[in-house]
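Some notes on the structure that comes next.
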Amino acid sequence: MFFTCGPNEAMVVSGFCRSPPVMVAGGRVLVIPCLQQIQRISLNTLTLPVRSEKVYTRHGVPISVTGIAQVKIQGQNKEMLAAACQMFLGKSESEIGQIALETLEGHQRAIMAHMTVEEIYKDRQKFSDQVFRVASSDLVNMGISVVSYTLKDVHDEQDFLRSLGKGRTAQVQRDARVGEAEAKRDAGIREARARQEQVSAQLLSEEATARAQRDFQVAQAECDGAVSARRATAELAFQLQV
């Protein structure tokens, strides 16, 4: 008798002439009734809310963290599928998800304890990467792969994060005021430099004008002197001739 399953589950056939058991992910398999047994295991992706309440961080500040993880039994890898069948065969999706959730939550708490609040709050990607890496290396031995992990929320009951936010806001406002003052200062410097350059250009222009007028007057005086000398010479010659 043939049995089939979709791509979101796997079948395990054991019994007569099935040693070791045959595992089929998304396909069909021949089963001999009464001599062989068929079991199914889900390969669906499970979305798990990973909550860690009031965990003390490295500096002793208790915070609560909520992450969202997506996990699934890896059916394409025969070794991982075999490991998953050994651990979860006969269990429901909720039972499998609960085991994976407890493992993820334990790793999440351990990583929180080794980080400061500032590191978790300001560098969420670093925290998510650490949880993803550590949990993946542990769950892979169960045949489960971590598809993704995202840090969803960080909060505390002592307003420590709010104080961090206020401090950051004050720092941003301070930087804005400093930037505005520096911008005004630079604008004033540029304006003063522009006025200085304008005055210098005006002085140079006036100096050039004065120099041109002086040269003109000197040339005119020389010309007048020459004309007067020639006139005097001509008059003297005329008188001598007379």
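As the structure is a prediction and not an experimental result, all values here were calculated from the model.
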Scanning both residues in full, the closest heavy-atom pair of Ala25 with Leu43 reads CB-CD1, 4.1 Å
Point to revise | Ile41 with Val147, same ILVMFWY side-chain cluster at under 4.5 Å | key: no
**Q.** Pairwise side-chain contact, Met115 with Thr57, heavy-atom cut-off 4.5 Å (strictly under)
**A.** no
Minimal heavy-atom distance between Leu48 and Gly97, with the atoms involved, is CD1-O, 3.7 Å
Result for side-chain hydrogen bond (donor to acceptor under 3.5 Å, both in side chains) between Ser64 and one of Arg51, Glu53, Lys54 points to Glu53
* Kindly indicate whether the side chain of Gln125, heavy atoms from C-beta on, has any atom under 4.5 Å from the side chain of Asp129. => yes
### Task
Answer yes if the side chains of Ser42 and Glu9 hold a donor-acceptor pair under 3.5 Å, and no otherwise.
no
task: Report whether Val134 and Val131 are members of the same hydrophobic cluster (ILVMFWY, side-chain heavy atoms less than 4.5 Å apart, transitive linking).
output: yes
**Asked** Do the non-hydrogen side-chain atoms of Val71 and Leu104 ever get within less than 4.5 Å of each other?
**Response** yes
Rounded to the nearest 0.5 Å, the CD atom of Gln130 sits from the CZ atom of Arg133 at a distance of 5.5 Å
Distance col, row Ser136:OG vs His107:NE2, nearest 0.5 angstrom, shows 9.5 Å
Check your understanding: Is a donor on one side and an acceptor on the other found under 3.5 Å between the side chain of Ser205 and the backbone of Ala201?
Key -> no
- Task: Check whether any side-chain heavy atom of Phe88 sits under 4.5 Å from a side-chain heavy atom of Ile99, and report yes or no.
- Result: yes
Nearest heavy-atom contact between Ala83 and Gly143 is CB-N, 4.1 Å
When rounded to the nearest 0.5 Å, the distance separating CD of Gln70 from OG1 of Thr150 is 8.0 Å
| field | Audit row: Glu207, Leu203, side chain to side chain contact (heavy atoms under 4.5 Å, CB included) steps and yes/no | value | CA-CA 6 Å; Glu207 182 180 357; Leu203 291 175; over 6 Å; no
Do Gln98 and Glu102 have side-chain N/O donor and acceptor atoms under 3.5 Å apart? yes
Within the 4.5 Å heavy-atom criterion, are Leu139 and Ser145 side-chain neighbours or not? no
Should Val65 and Leu101 be regarded as members of a common hydrophobic cluster, given that ILVMFWY residues are connected when their side-chain heavy atoms come within less than 4.5 Å of each other, either directly or indirectly?
yes
Review point. According to a 4.5 Å side-chain heavy-atom criterion applied to Ile, Leu, Val, Met, Phe, Trp and Tyr, with indirect links allowed, do Val12 and Leu81 form part of one hydrophobic cluster?
Key: yes
Is it true that atom CD of Glu206 has more than 12 heavy atoms of other residues, nucleotides or ligands lying nearer than 6.0 Å? yes
So CD of Gln198 and CD of Glu191: to nearest 0.5 Å the spacing works out to 10.5 Å
*Are the side chain of Glu119 and the backbone of Thr116 linked by a donor-acceptor contact shorter than 3.5 Å?*
yes
Next on the checklist: Does either side chain, that of Gln108 or that of Tyr149, offer a donor lying less than 3.5 Å from an acceptor on the other one?
Outcome noted: yes
Distance col, row Arg190:CZ vs Arg193:CZ, nearest 0.5 angstrom, shows 8.5 Å
Kindly indicate whether the side chain of Leu46, heavy atoms from C-beta on, has any atom under 4.5 Å from the side chain of Ile144. no
_More than 12 heavy atoms of other groups within 6.0 Å of Glu95 CD_ = yes
- Message: According to a hydrophobic-cluster definition based on side-chain heavy atoms being under 4.5 Å apart (Ile, Leu, Val, Met, Phe, Trp, Tyr only), do Ile63 and Phe127 belong together?
- Response: yes
Paired with Lys72, the side-chain contact (heavy atoms from CB on, under 4.5 Å) test is passed by just one of Ile96, Thr45, Asn44, Asn8, namely Thr45
Minimal heavy-atom distance between Pro62 and Gly60, with the atoms involved, is CD-O, 3.6 Å
Taken to the nearest 0.5 Å, the spacing of Ile120 CD1 from Arg124 CZ works out to 10.0 Å
Side chains of Asp123 and Glu118, heavy atoms from C-beta outward: is any pair under 4.5 Å?
no
